[in-house]
Amino acid sequence: MQTIAFYNLKGGVGKTATAVNLAWHAARWKHRTLLWDLDPQGAASYYLGVDGSTSYKAATLINGKQGIGRLKQETRWPGLHAIPSDVSLRNLDSKITEAGKARSQLRKLIEPLGESYSLVMLDCPPTLSPVAETIFAAADYLLVPVIPTHLSIRALEQVKTWLKEKKYDHLKVVPFYNMVDRRRLLHVEMLVKRPAVMRGGLKTWIPYSTHVEQMGDHRAPVGEFASHTPAARAYRHLWFELAEKLKL
Ligand SMILES: Nc1ncnc2c1ncn2[C@@H]1O[C@H](COP(=O)(O)OP(=O)(O)OP(=O)(O)O)[C@@H](O)[C@H]1O
Ligand SMILES: [Mg+2]
């Protein structure tokens with residue numbers, strides 16, 4: 001089992017949209033896939049149609065009193081399961097701190113899922129809090145959507161420095177560009193001459209596209225309702241490139 005966290009310190013950069021589209025592709029390629037919506041906003045749960053179908057207490061999870069197996073839901077796509085978001089995730093930070101088990105707790109919860117899944121994807125909230133630390137300890141790969149601007153690049157550099165300082169050496173950081181608009185000179189420049197921090201990431205980039213925005217109307221990945229568009233093609237390529245990198 002491999003665990004991939006979709007993470008960025010910055011909000012609104014495409015973590016959730018990418019997680020949902022890649023999880024859908026993974027399941028289509030017969031990888032048993034679980035997407036855990038760790039963001040109390042619940043956007044991934046909404047896209048996958050599993051919102052409001054369960055509720056759990058963050059505290060009981062963190063104390064190990066409840067396994068997560070019970071919380072998984074089937075989606076309408078075969079092979080793709082999800083653990084919906086829950087409002088109690090808002091308290092996860094304080095619960096983790098109270099329990100004094102900052103790093104290892106999420107990994108312990110996820111480990112038993114290896115019996116049922118080959119891929120676990122975590123849709124993360126935009127934060128560098130104790131929750132983020134448990135996510136970093138649990139994940140093998142950190143997939144980071146980056147909008148090609150100087151500030152986004154700086155945010156990525158900050159996260160990488162922080163990970164190094166905190167010695168999350170096992171974690172492979174894999175950035176890729178999202179919301180690329182080739183009418184913008186800066187975007188083109190950053191594609192052509194990639195900043196050092198983007199090297200080692202995925203080469204495929206996702207264009208700025210209204211079809212991604214329409215996921216909310218369709219409550220589905222782009223490939224389901226606009227399969228011949230540049231955005232759908234880009235997600236497909238991103239999936240192939242990731243699968244190759246992870247040797248899936
Ligand atoms: N490639 C894209 N083109 C156009 N719009 C996009 C693209 N990717 C994401 N979006 C839109 O941008 C908004 C933010 O995307 P998304 O929710 O995936 O970001 P996020 O990083 O998960 O945000 P948050 O930090 O709030 O969890 C959404 O309205 C989404 O539809
Ligand atoms: Mg999100």
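Every number for a ligand or one of its atoms is a count from 1 in the order of the listing.
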Student: Quick check: do L156 and P175 have side-chain heavy atoms less than 4.5 Å from each other?
Tutor: yes
Student: For the pair E241 and K203, find out whether any cationic side-chain nitrogen is under 4.0 Å from an anionic carboxylate oxygen.
Tutor: no
Student: Side chains of L248 and Q2: does their closest heavy-atom pair fall under 4.5 Å?
Tutor: yes
Student: Does the N or O separation between Y208 and ligand 1 drop below 3.5 Å for any pair?
Tutor: no
Student: Report yes if some N/O of T18 lies less than 3.5 Å from some N/O of ligand 1; otherwise report no.
Tutor: no
Student: Any nitrogen or oxygen of D123, side chain or backbone, less than 3.5 Å from one on ligand 1?
Tutor: no
Student: Give a yes/no verdict on whether any heavy atom in P207 is under 4.0 Å from an atom of ligand 1.
Tutor: yes
Student: Among all protein heavy atoms, pick the one closest to atom 19 (O) of ligand 1 and tell me residue, atom and distance.
Tutor: G14 N, 2.9 Å
Student: Does any N or O atom in I206 lie less than 3.5 angstrom from one in ligand 1, N or O only?
Tutor: no
Student: Would you mind checking which non-hydrogen protein atom is closest to atom 28 (C) of ligand 1, with the distance to 0.1 Å?
Tutor: Y47 OH, 4.6 Å
Student: Identify, by atom number and element, the atoms of ligand 1 in contact range of P126, meaning under 4.0 Å from any of its heavy atoms.
Tutor: 25 (O)
Student: Run the salt-bridge test on K167 and D169 with the 4.0 Å N-O cut-off and return the result as yes or no.
Tutor: no
Student: So do Y47 and T75 actually touch side chain to side chain, heavy atoms under 4.5 Å?
Tutor: no
Student: Would T16 and D123 satisfy side chain to side chain donor-acceptor pair (under 3.5 Å), going step by step from the backbone distance to the final call?
Tutor: CA-CA 6 Å; T16 302; D123 185 28; 2.7 Å; yes
Student: Is the shortest heavy-atom distance from the side chain of D140 to the side chain of L246 under 4.5 Å?
Tutor: no
Student: For ligand 1, which atoms have a heavy atom of V13 less than 4.0 angstrom away?
Tutor: 19 (O), 20 (P), 21 (O)
Student: What's the separation between atom OG1 in T3 and atom CG in L142, rounded to the nearest 0.5 Å?
Tutor: 12.0 Å
Student: Only heavy atoms of G11, strictly under 4.0 Å: list the atoms of ligand 1 that pass.
Tutor: 25 (O)
Student: Give a yes/no verdict on whether any heavy atom in A43 is under 4.0 Å from an atom of ligand 1.
Tutor: no
Student: What atoms of ligand 1 come within less than 4.0 Å of a heavy atom belonging to D39?
Tutor: 27 (O)
Student: How long is the span from the OH atom in Y235 to the OG1 atom in T18, to the nearest 0.5 Å?
Tutor: 4.5 Å
Student: Please find the pair of heavy atoms, one from L242 and one from L22, that lie closest to each other, and give the distance.
Tutor: CD2-CD1, 4.0 Å
Student: Which protein non-hydrogen atom lies closest to atom 8 (N) of ligand 1, naming both residue and atom, and how far is it?
Tutor: N178 ND2, 3.2 Å
Student: How long is the gap from CZ on R32 to NZ on K30, to the nearest 0.5 Å?
Tutor: 12.5 Å
Student: Using protein heavy atoms only, decide if any is under 4.0 Å from atom 30 (C) of ligand 1.
Tutor: no
Student: Would you mind checking which non-hydrogen protein atom is closest to atom 4 (C) of ligand 1, with the distance to 0.1 Å?
Tutor: S209 O, 3.1 Å
Student: Mind checking whether Q41 contacts ligand 1 via backbone (N, CA, C, O), side chain (CB onward), both or neither, at a 4.0 Å heavy-atom cut-off?
Tutor: side chain
Student: I'd like to know whether ligand 1 has E213 as a neighbour, heavy-atom separation below 4.0 Å.
Tutor: yes
Student: Under 2.8 Å from the Mg ion (ligand 2), is there an N/O/S atom belonging to Q41?
Tutor: no
Student: Under 4.0 Å and counting heavy atoms only, is there anything from the protein next to atom 6 (C) of ligand 1?
Tutor: yes
Student: Please indicate whether any nitrogen or oxygen in C124 is less than 3.5 Å from any nitrogen or oxygen in ligand 1.
Tutor: no
Student: To the nearest 0.1 Å, how far is atom 23 (O) of ligand 1 from its closest protein heavy atom, and which atom is that?
Tutor: G12 N, 3.0 Å
Student: Hey, can you tell me if W29 and F240 have their rings parallel, tilted or perpendicular (30° and 60° cut-offs)?
Tutor: perpendicular
Student: Within this structure, what is the OG-CZ distance for the pair S227 and R236, rounded to the nearest 0.5 Å?
Tutor: 7.0 Å
Student: Quick check on atom 13 (C) of ligand 1 - does any protein heavy atom sit closer than 4.0 Å to it?
Tutor: no
Student: Per the ring pair (Phe, Tyr, Trp, His ring centres under 6.0 Å) rule, what does the pair list look like for residues 108-137, sequence neighbours excluded?
Tutor: Y7-F136, H81-Y117, F136-W162, F136-Y168
Student: Heavy atoms only: which of M179, K10, K15, H211 is nearest to atom 11 (C) of ligand 1?
Tutor: M179
Student: Could you check atom 17 (O) of ligand 1 against the protein and tell me its nearest heavy-atom contact, residue, atom and distance included?
Tutor: T16 CB, 4.0 Å
Student: Does a side-chain heavy-atom distance below 4.5 Å link M179 with I206?
Tutor: no
Student: Return the closest protein heavy atom for atom 18 (O) of ligand 1 as residue, atom name and distance.
Tutor: A17 N, 2.9 Å
